[in-house]
Amino acid sequence: MSVPASNTFLRLFTEDQQSNSPVQPKKKMKFIIAIAFLAVALAAPQGDKKPIEIVSSNSEMNADGSYSFAFESADGTKVSESGSQKQVGPKPEDIGTVSKGSYSYTSPDGVVLTVNWVADENGFQATGDHLPTPPPMPEHVVKMLADLKAAGVL
């Protein structure tokens, strides 16, 4: 039986008639993997996602390096940020940008989530009612840290 060259699927699962040798298992596996990837790609949601309109936007950049911006989108997402240059080390050339801001959005279950944040010489710190917080330090750790501070070690 002769298999047309254009019929790749059948060619992979039949013997090669000209050489009378079975198709190599690696070719079959590669083909099966390719079909699996194609199936996953076709199964991905194809919904029409329209761009979300920006309903307000403000931006300011100053000569001293300070800045601010804010925007709000039609879906209720709000973002704001401001920052300035600050000496963050002992030398005058140890200048860094310190920033603060917030963002809020509506979760899939309809709750508005807000995150307030600061980024400065102490790193990035975010706060929000929905964010996890660490448990309180055990009393023995608090006492140990106080003792170390009193001894001048910390």
Side-chain angles (χ1 to χ4, degrees), residues 6-13 23-154:
S6 63
N7 196 335
T8 305
F9 183 80
L10 287 177
R11 262 191 311 127
L12 287 173
F13 291 97
V23 174
Q24 297 175 357
K26 285 185 180 182
K27 284 186 181 180
K28 285 183 184 179
M29 183 58 73
K30 287 180 183 179
F31 182 76
I32 291 171
I33 290 172
I35 292 297
F37 278 123
L38 180 62
V40 169
L42 292 174
Q46 303 292 323
D48 292 333
K49 291 203 173 202
K50 297 179 183 176
I52 299 170
E53 180 182 355
I54 302 296
V55 294
S56 69
S57 178
N58 301 314
S59 180
E60 182 180 335
M61 239 170 143
N62 301 311
D64 65 354
S66 63
Y67 69 95
S68 66
F69 70 86
F71 70 86
E72 183 176 353
S73 62
D75 67 353
T77 299
K78 296 178 185 176
V79 176
S80 67
E81 181 178 330
S82 63
S84 61
Q85 300 298 303
K86 178 181 175 185
Q87 185 173 338
V88 292
K91 300 176 189 170
E93 61 268 11
D94 293 338
I95 302 290
T97 302
V98 293
S99 303
K100 64 181 177 179
S102 68
Y103 60 90
S104 63
Y105 62 95
T106 305
S107 70
D109 57 345
V111 177
V112 175
L113 302 174
T114 300
V115 175
N116 296 302
W117 58 270
V118 174
D120 58 15
E121 62 273 14
N122 299 313
F124 180 83
Q125 305 112 47
T127 58
D129 292 340
H130 63 290
L131 297 177
T133 57
M137 274 197 268
E139 287 184 40
H140 70 279
V141 173
V142 173
K143 182 182 179 329
M144 180 183 69
L145 290 173
D147 292 345
L148 289 172
K149 189 172 185 178
V153 178
L154 288 181

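Considering all non-hydrogen atoms of both residues, Val88 and Gly96 come closest at CG2-N, 4.0 Å. Nearest heavy-atom pair across Ala74 and Ile52 is N-CG2, 4.0 Å. Closest approach of Ser102 and Trp117 over heavy atoms only: N-NE1, 3.5 Å.
Two residues are said to be in side-chain contact when any heavy atoms from C-beta on lie closer than 4.5 Å; Tyr105 and Val79 fail this criterion. Between Asp120 and Lys100, every side-chain heavy-atom pair lies at or beyond the 4.5 Å cut-off.
A distance-only check finds a donor-acceptor pair linking the side chain of Asp75 to the backbone of Thr77 [under 3.5 Å].
Interatomic distance, Ser104 OG to Lys78 NZ, rounded to the nearest 0.5 Å: 5.5 Å. The distance from the NZ atom of Lys86 to the OG atom of Ser99 is 11.5 Å, given to the nearest 0.5 Å. One finds the OH atom of Tyr103 at 10.0 Å from the OG1 atom of Thr114 (value rounded to the nearest 0.5 Å).
A donor-acceptor contact closer than 3.5 angstrom links the side chains of Glu81 and Tyr67. There is a side-chain donor-acceptor pair under 3.5 Å between Thr97 and Gln85.
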Table please: side-chain donor-acceptor pairs of residues 128-144 below 3.5 Å, with sequence neighbours left out.
from   : atom 1 : to     : atom 2 : distance (Å)
Lys143 : NZ     : Asp147 : OD2    : 2.9

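Every residue was checked against the side chain to side chain donor-acceptor pair (under 3.5 Å) condition with Ser82, not counting sequence neighbours, and none meets it.
Between Phe71 and the choices Ile54, Asn58, Val55, the side chain to side chain contact (heavy atoms under 4.5 Å, CB included) rule is met once, by Ile54.
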